[in-house]
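Take a look at the structure below.
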Amino acid sequence: MNTSSSIRDQFLSLCEEVGALRFGKFTLKSGRVSPYFFNAGLFSTGEAIAKLGGFYAHTIVERGLEVDMLFGPAYKGIPLVTATAAALATQHRRNLPFAFNRKEAKDHGEGGHLVGAPLAGRVLVVDDVITAGTALRESVQIIRRQNAEAAAVLIALDRQERGQGERSAIDEAQRELGLQIASVASLDDLTQWLRADGNRSQILKSLEDYRARYGFQ
């Protein structure tokens with residue numbers, strides 16, 4: 001891997017290749033009609049999820065996120081945190097423990113909501129995106145109930161989009177929860193990636209129009 005920009009270009013190319021990043025017209029939960037859609041659940045082969053974990057791990061190292069362990073919120077966060085922990089160990093020699101939660105508590109065996117290492121120290125939440133921020137708040141509550149510190153959050157794509165108010169969901173979460181939030185790529189990166197491809201002018205225009213209406217810097 002060479003430069004940060006090339007890393008993000010590689011990440012976006014992989015997202016489109018596996019179908020996780022698509023262009024067209026997509027109605028979001030907010031009711032907005034977006035010219036693009038991102039779904040990390042479509043990283044559904046061993047090779048794809050291994051590569052994705054590598055991009056997450058690279059971002060942790062690049063951004064200098066100093067944490068003691070990783071946490072993946074159910075459900076999409078489970079394969080993400082597993083792949084990221086594996087990539088950190090094999091590619092960067094950082095052998096961090098990780099854990100994830102169940103949606104419903106198990107009433108037999110070891111029981112409880114949590115699986116994996118005990119939550120302790122500075123915890124990095126690994127997820128795909130932040131929309132309303134509800135899932136992130138739930139993750140922070142889980143971590144704090146175990147007397148651990150929710151130190152930072154790493155997501156795949158920052159849409160840099162306003163929430164229902166003037167701020168983005170990410171900005172609101174950072175202010176409310178006091179967390180550092182990092183992303184593998186952002187809408188800025190997506191725009192630059194499309195601009196570099198001379199055959200994407202119509203998609204780029206749709207994205208820039210959408211950003212002018214709903215974007216947040």
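Keep in mind that the numbers below use all heavy atoms, side chains included, and drop hydrogens, waters and symmetry copies. Index from 1, following the sequence.
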Where do Ala87 and Gly53 come nearest, in terms of heavy atoms and distance?
CB-O, 3.4 Å

Just so I know, are the side chains of Leu179 and Leu136 near enough to count as touching, which here means a heavy-atom distance under 4.5 Å?
yes

Between Arg63 (side chain only) and Leu154 (backbone N and O only), is there a donor and an acceptor less than 3.5 Å apart?
no

Answer whether the closest heavy-atom distance between the side chains of Val153 and Gln180 falls below 4.5 Å.
no

Rounded to the nearest 0.5 Å, what separation is found between the OG atom of Ser139 and the CG atom of Asp127?
6.5 Å

Heavy-atom pair with the smallest gap, counting every atom of Val123 and Ala148:
CG2-CB, 4.0 Å

So, are Arg8 and Asp188 salt-bridged, with charged N and O less than 4.0 Å apart?
no

Measure from the side-chain N and O atoms of Asp68 to the backbone N and O of Arg122, and report whether any donor-acceptor pair falls under 3.5 Å.
yes

Would a 4.5 Å heavy-atom cut-off, applied to side chains only, mark Arg102 and Val115 as touching?
yes

Before you tell me yes or no, could you show the steps for Thr191 and Leu207 under side chain to side chain contact (heavy atoms under 4.5 Å, CB included), namely the whole-Å CA-CA distance, both residues' side-chain angles and the distance that decides it to 0.1 Å?
CA-CA 8 Å; Thr191 300; Leu207 191 146; 3.3 Å; yes

Evaluate the criterion side chain to side chain contact (heavy atoms under 4.5 Å, CB included) for residue pair Phe100 and Leu114; output intermediate values, then yes/no.
CA-CA 6 Å; Phe100 55 87; Leu114 297 174; over 6 Å; no

Would a distance-only check, ignoring hydrogens and angles, find a side-chain to backbone donor-acceptor pair under 3.5 Å from Tyr36 to Ile203?
no

Would a distance-only check, ignoring hydrogens and angles, find a side-chain to backbone donor-acceptor pair under 3.5 Å from Asp209 to Ser206?
no

When you compare the side chain of Val184 with that of Leu52, does any pair of heavy atoms fall below 4.5 Å?
no

Measure the spacing between OG1 of Thr84 and CG of Leu88 and express it to the nearest 0.5 Å.
7.0 Å

Quick check for you: to the nearest 0.5 Å, what is the distance between Arg159 atom CZ and Ser34 atom OG?
4.0 Å

Please collect all ring pair (Phe, Tyr, Trp, His ring centres under 6.0 Å) contacts where either partner lies in residues 187-214, sequence neighbours excluded, each pair once.
Tyr210-Tyr214

Reported CG-to-OH distance for the pair Leu124 and Tyr56, which is rounded to 0.5 angstrom:
10.0 Å

If you take all heavy atoms of Arg213 and Arg162, which pair is closest and at what distance?
O-NH2, 2.7 Å

Taking Val126 as the starting point, is it possible to reach Val61 by hopping between hydrophobic residues whose side chains are less than 4.5 Å apart?
yes

Quiz: residues 15-27 side-chain donor-acceptor pairs under 3.5 angstrom, not counting sequence neighbours:
unit_1	atom_1	unit_2	atom_2	d
Glu16	OE1	Arg200	NH2	2.8
Glu16	OE2	Arg200	NH1	3.3
Glu16	OE2	Arg200	NH2	3.2

Does any part of the side chain of Asp9, heavy atoms only, come nearer than 4.5 Å to the side chain of Gln192, both counted from C-beta?
no

Could you give the distance from CG (Asp189) to CG (Asp158), rounded to the nearest 0.5 Å?
9.5 Å

Carboxylate-amine/guanidinium proximity below 4.0 Å for Arg211 and Glu161
no

Minimal non-hydrogen separation, Thr59 against Ser183, with atom names
CG2-O, 3.7 Å

Could you check whether any side-chain heavy atom of Ser44 comes within less than 4.5 Å of a side-chain heavy atom of Ile49, counting everything from C-beta outward?
no

Where Met69 and Pro118 come nearest, the two heavy atoms and their spacing:
SD-O, 3.3 Å

What distance separates Leu80 CG from Leu70 CG, expressed to the nearest 0.5 Å?
11.0 Å

Near Asn95 CG, under 6.0 Å, is it more than 12 heavy atoms from other residues, nucleotides or ligands?
no

Contact check, side chains of Lys76 and Asn39, non-hydrogen atoms, under 4.5 Å
yes

Check the pair Gln10, Phe55 against side chain to side chain contact (heavy atoms under 4.5 Å, CB included), reporting the backbone distance first and the verdict last.
CA-CA 9 Å; Gln10 291 170 35; Phe55 287 118; 3.8 Å; yes

Can you find a pair of side-chain heavy atoms, one from His113 and one from Arg145, that are under 4.5 Å apart?
no

Provide the closest heavy-atom pair for Leu28 versus Phe37 in the form atom of the first, atom of the second, distance.
CD2-CD1, 4.0 Å

